[in-house]
Asks: 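Pasting a structure below so you can have a look.
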There are 2 protein chains.
Amino acid sequence: MGQVKYIKIADEIRNRITRGHYPPDQAIPDEMSLAKEFGCSRMTMKKALEVLVLEGLLYRKRGHGTFILQSSLQPDQVNVLSGETIGLTASAKGRQVTSQVIAFHVDFPDPEVAKHLSIDQETPVYHILRLRFVDGEPYVMERTYMPSPLITGINEEVLKGSIYQHIQENLGLTISSSHKMIRADKPHELDQKHLACTPDDPILEVEQVVYLSNGTPFEYSFARHRYDKFVFTVINIQRPQ
Amino acid sequence: MGQVKYIKIADEIRNRITRGHYPPDQAIPDEMSLAKEFGCSRMTMKKALEVLVLEGLLYRKRGHGTFILQSSLQPDQVNVLSGETIGLTASAKGRQVTSQVIAFHVDFPDPEVAKHLSIDQETPVYHILRLRFVDGEPYVMERTYMPSPLITGINEEVLKGSIYQHIQENLGLTISSSHKMIRADKPHELDQKHLACTPDDPILEVEQVVYLSNGTPFEYSFARHRYDKFVFTVINIQRPQ
DNA sequence: TAGTGGTCTAGACCACAGA
DNA sequence: CTGTGGTCTAGACCACTAC
């Protein structure tokens with residue numbers, strides 16, 4: 001769990017909300033009361049509540065109070081991916097994720113790949129093509145590029161499981177952010193073959209660059225999803241002015 | 001512009017970054033130096049930089065410094081929508097947005113619409129169907145539901161422009177957040193007719209609930225986009241632990 | 001050891017809402 | 001007027017990085 005105080009407080013309040021500890025139709029206690037209860041300053045309390053606002057559980061109204069967003073209590077359908085988690089293995093919690101390696105080799109990157117990975121064309125890159133299953137159903141086809149000098153120790157064994165788990169646990173690297181571009185597309189032949197879809201079944205494609213905590217991009221990928229098995233959810237909070 | 005200090009500082013630093021004021025391959029000045037330059041406390045400086053981190057312009061490394069994310073300097077293609085702006089009129093800056101009203105009437109909501117707008121089925125709701133053009137090209141078909149007692153003064157004139165502008169400027173309401181679900185779909189007949197697409201052209205659909213700053217949902221909508229004219233971009237920063 | 005960002009504090013003042 | 005959240009401060013200590 002979070003070793004940091006504001007994360008621990010946010011975790012506790014999130015639990016209270018989802019377990020119905022606070023009446024959903026009135027304000028939760030004010031910042032000062034909560035700060036006193038949790039033995040922290042008001043600023044720290046504010047930071048904890050800010051986490052839950054960004055998750056879409058709470059909204060706050062100056063001069064009024066902090067309230068539970070009704071929609072957060074409705075069991076939103078499958079909710080396959082949120083803006084928060086990275087990686088299919090982490091997203092499909094409780095369901096079994098398996099992977100079939102279709103292609104795996106090392107090559108020099110083309111200019112587009114090199115550009116997104118911020119490397120030159122002389123740096124070798126893993127080319128990985130995986131078909132991924134959730135509970136045995138074909139779910140997504142992932143084409144992934146990673147600089148091989150940076151992400152070491154990739155082999156068939158790793159590819160059958162979770163690359164992200166390998167990066168974090170075996171390589172000790174920290175994943176920090178991702179930039180995604182989401183679009184619809186027509187199915188390629190490869191999609192039709194492996195995702196078992198017809199020529200008029202659309203594909204939802206997620207193009208992504210993922211960064212380590214030192215700012216280095218380590219993954220450039222295209223994930224192509226069956227249109228009937230994937231919804232991408234995003235929560236957007238406006239900044240003042 | 002932002003009347004708030006940290007927003008104004010963020011605006012200034014954003015300008016410096018995009019104009020190349022800071023060398024892109026080394027750290028920008030540290031928090032204390034910047035705080036001194038802008039005449040603010042270190043906490044305020046941190047808050048300003050946090051804004052730019054969330055926008056994907058900067059990344060920060062404890063014990064190391066604050067750096068410009070290379071990818072933010074590359075002129076990312078069209079970048080039609082980011083997680084930040086709400087509303088087509090605001091997204092398609094510099095391009096001409098026009099709207100054609102296909103249907104517009106008031107009715108009672110079905111249970112699904114009522115649920116997402118947090119109203120009962122006796123509250124009348126605007127049903128709006130608009131085709132929207134960017135620079136004269138058909139771009140997106142929007143089906144929108146809004147509670148008519150809440151969003152007043154909607155007429156053909158407003159619908160041909162920007163509803164959001166009407167809500168903010170004429171009604172004085174503040175839009176605060178949105179929850180989006182993005183998926184691919186096959187084109188309906190209505191899509192094919194108005195978006196000028198063929199039966200095998202996919203559609204990118206954005207289902208959305210938009211909230212006022214008092215937490216009231218005021219819009220439930222489905223925006224159906226031509227697959228070749230819309231990319232949805234999302235930036236995701238991981239929280240510690 | 002020096003320098004960086006991350007967290008946390010105690011308190012101040014401001015902006016906004018409702019009685 | 002009171003109470004709410006929003007901002008800002010000056011300073012402390014901690015965690016991590018590089019030298």
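Chain letters run A, B, ... following the sequence lines, proteins first, then strands; residues in each count from 1. Values reported hereafter were calculated over all heavy atoms of this structure, with side chains retained and with hydrogens, waters and symmetry mates removed.
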Asks: dT9(D) phosphate, OP1 or OP2: any side-chain N/O from K5(B) under 4.0 angstrom?
Replies: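 Yes, K5(B) has a side-chain N/O under 4.0 Å of OP1/OP2 on dT9(D).
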
Asks: Check this one for me: any side-chain N or O of T66(A) less than 4.0 Å away from OP1 or OP2 of dG5(D)?
Replies: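 For dG5(D), OP1/OP2 do have a side-chain N/O of T66(A) under 4.0 Å.
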
Asks: Once you apply a heavy-atom cut-off of 4.0 Å, does K61(A) come out as touching a base, just sugar-phosphate, or nothing?
Replies: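 Sugar-phosphate: the residue K61(A), judged by heavy atoms under 4.0 Å, touches backbone atoms but no base.
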
Asks: Is there a donor-acceptor contact under 3.5 Å linking the side chains of Y164(B) and E219(B)?
Replies: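 Judged by distance alone, the side chains do pair up.
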
Asks: dT9(D) P sits how many Å from Y6(B) OH, rounded?
Replies: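 So the two atoms are 13 Å apart, to the nearest Å.
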
Asks: Atom CZ in R130(A), atom CZ in F104(A): separation rounded to 0.5 Å?
Replies: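 Rounded to the nearest 0.5 Å, the CZ-CZ separation comes to 10.5 Å.
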
Asks: Find the distance F38(A):CZ to dC8(C):C1' and express it as a whole number of Å.
Replies: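 From F38(A) CZ to dC8(C) C1': 16 Å.
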
Asks: Between S33(B) and G63(A), which residue's closest nucleotide on DNA chain C lies nearer the 5′ terminus?
Replies: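 Its nearest nucleotide being more 5', the pick is S33(B).
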
Asks: Less than 4.5 Å apart, any side-chain heavy atom of H127(A) and any of V106(A)?
Replies: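 Answer no - side chains too far apart.
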
Asks: Taking only the side-chain nitrogens and oxygens of K47(B), find out if one of them lies under 4.0 Å from OP1 or OP2 of dT7(D).
Replies: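 For dT7(D), OP1 or OP2 has a side-chain N or O of K47(B) closer than 4.0 Å.
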
Asks: Just the rounded figure in Å: distance from P of dG6(C) to CD1 of I7(A).
Replies: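 Computing the I7(A):CD1 to dG6(C):P distance gives 13 Å.
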
Asks: K46(B) has an atom NZ; how far is it from atom P of dG5(C), in whole Å?
Replies: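 Distance check: K46(B) NZ to dG5(C) P gives 7 Å.
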
Asks: Can you see if the side chain of T44(B) gets near the phosphate of dT9(D) - specifically, an N or O under 4.0 Å from OP1 or OP2?
Replies: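 Yes, because at least one side-chain N or O of T44(B) sits under 4.0 Å from OP1 or OP2 of dT9(D).
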
Asks: Classify the ring geometry between F222(B) and Y220(B) as parallel (under 30°), tilted (30 to 60°) or perpendicular (over 60°).
Replies: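 Ring orientation, 0 to 90° scale: perpendicular.
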
Asks: Looking only at the side chain of H64(B) (C-beta and beyond, no hydrogens), which of the listed nucleotides dG5(D), dC8(D), dA18(D) gets closest?
Replies: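 Closest nucleotide among those given: dA18(D).
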
Asks: Roughly how many Å is it from CG in L34(A) to C1' in dG5(D), rounded to a whole number?
Replies: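 The distance from CG of L34(A) to C1' of dG5(D) comes to 12 Å, rounded to the nearest Å.
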
Asks: For R42(B) and dG6(C), what is the distance between atoms CZ and P respectively, to the nearest whole Å?
Replies: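 Going from R42(B) (CZ) to dG6(C) (P), I get 8 Å.
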
Asks: Expressed in angstrom and rounded to an integer, what is the separation of R62(A) atom CZ from dT7(D) atom P?
Replies: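 Those two atoms, CZ and P, are 7 Å apart.
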
